[in-house]
Number of protein chains: 2
Amino acid sequence: MIETKEQIKSDNLTERLIEAIVNGEYPAGSKISEPELARVFNVSRGPLREAMMRVESLNLVERIPHVGARVVTLSLGKLAEIYAVREALEGMAANLACKHITDSEIATLEELLNRHQSHIEEVDGASYFYQQGDFDFHYLIIKASKNHQLIALLCDQLYHLIRMYRFQSPRSKSRPEKALYEHFAILNAIKARDPELAEMLMRRHIKSSRLLIENELLEE
Amino acid sequence: MIETKEQIKSDNLTERLIEAIVNGEYPAGSKISEPELARVFNVSRGPLREAMMRVESLNLVERIPHVGARVVTLSLGKLAEIYAVREALEGMAANLACKHITDSEIATLEELLNRHQSHIEEVDGASYFYQQGDFDFHYLIIKASKNHQLIALLCDQLYHLIRMYRFQSPRSKSRPEKALYEHFAILNAIKARDPELAEMLMRRHIKSSRLLIENELLEE
DNA sequence: AACAACCAAATTGTCAACAATCTTGTGTTT
DNA sequence: AAACACAAGATTGTTGACAATTTGGTTGTT
């Protein structure tokens, strides 16, 4: 495993482009120029356009024929809609995880939450790192559901979009302690192999985030 | 509106390619040759590849670098997974539809079901046309949810894949009369603006299809 | 000054040729 | 005869140039 680096420019490009958009290097609403990006990434326009097609189907950019592509504009309304979908899908994931999770996956989750706890106790309020780990928690449960279609939808299709929102609105601190407590409760339900409880707790967990967003929305 | 035809070859191509794959013109598992398709569609390989990228992200084909693309192979297992996801998402759609559907949309749904009833009474057992209309019913309810993310996921992302499965396994007659009866029950719940009932009925409706599939799966 | 028509520059869409990689058939070796 | 190595052919990945369309500014008219 000396040279594992992907040799397909188009594929690498897709990931680099996603990363650049998600972390705000290309701000929301900004135009994306093909010749310029091709120069920046040191590629021809062919592979770049192929990458753009894929990023478009992730709903990270909007393209208008003969006009060009723009990074999608964020809005609290859209975010609330995404969280509503997450509620349904991750609830389902938690339910299925109870039935299909392995002991080793449970152990991984437990270690993860313990690390989070230590981290919160040490650096009280450092919510950035927490959010990263928060993703890991949800990510692992989704994978543990073993439903490939569900995993594809959440981890491939919605993941980057959610990440982009989080990155660009770091206001949602949402009390790490409370979230961590809820995560432990969800994990316990999964360990007890209680699908209904796990689903209910996961839905409530995400719903509380959604309600925060909708409250912000009303204040406008 | 004299010339509404899309002038972007790449965009048209995507739809034509989706249609060709869905209706089995290119059978499951068959290899897709870029030079050949470019000749068939009378296009250069550039736009064709862009269309392929999009079709790939719909999970209709699988691409392996430097080897080529193949139409996805169907399996009852995958289908069951998709139906499980549908259960969660369309249940949510029915719930939201109760809150956001308009009177004119209700009227459209009512007409649709009445036409189905007449059709079933006339040509007893013609399940093919029924299935087309079945899609319309689900499609309309999804749209009525007014959650754009949900609509995108179901109508753009999963729709074609489901259609492909249906097209290639017309065994699932699944008793049109029973399904129609369930559709009426769902519509009534929506008219009564009863989200919990509508969601429950929709989930049960889809679940019965999923169980049929899982039974077939066990017989193998 | 306001507005419409038009032209030029830039950008997107498309193409055909070139380079890199995989597949397949042949021949050799054990 | 089976297995491996190699080479020819075909296919995919990439590039740079050309064609078509939009955009923004200029000019002329009302």
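Naming convention: chains lettered A, B, ... in sequence-line order (proteins, then strands); numbering from 1 in each chain. Note that this is a predicted model, so its numbers are computed, not measured.
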**OP:** Any side-chain hydrogen bond (donor to acceptor under 3.5 Å, both in side chains) involving residues 66-78 of chain A? Give me the pairs, sequence neighbours left out, ordered by first then second residue.
**Re:** none

Subject >> Listed partners of B:Tyr83 passing ring-ring contact (aromatic ring centres under 6.0 Å, His included), at least two apart >> reply: none

**OP:** With sequence neighbours excluded, tell me which residues meet side-chain contact (heavy atoms from CB on, under 4.5 Å) with B:Arg193.
**Re:** B:Ile101, B:Asp103, B:Ile106

Original post:
How does protein contact run along nucleotides 11-17 of chain D, one letter per nucleotide 5' to 3', with B for base contact, S for sugar-phosphate only, - for none, heavy atoms under 4.0 Å?
Top reply: SBBBBB-

**OP:** Please list, chain by chain and in numerical order, all residues satisfying side-chain contact (heavy atoms from CB on, under 4.5 Å) with B:Ala93, sequence neighbours excluded.
**Re:** B:Ile142, B:Ser145, B:Leu150

Original post:
With sequence neighbours left out, what residues match A:Glu56 under side-chain contact (heavy atoms from CB on, under 4.5 Å)?
Top reply: A:Met53, A:Val61, A:Arg63, B:Arg54

**OP:** Please state how far atom CG in A:Leu48 lies from atom P in C:dG13, giving the value in whole angstrom units.
**Re:** 12 Å

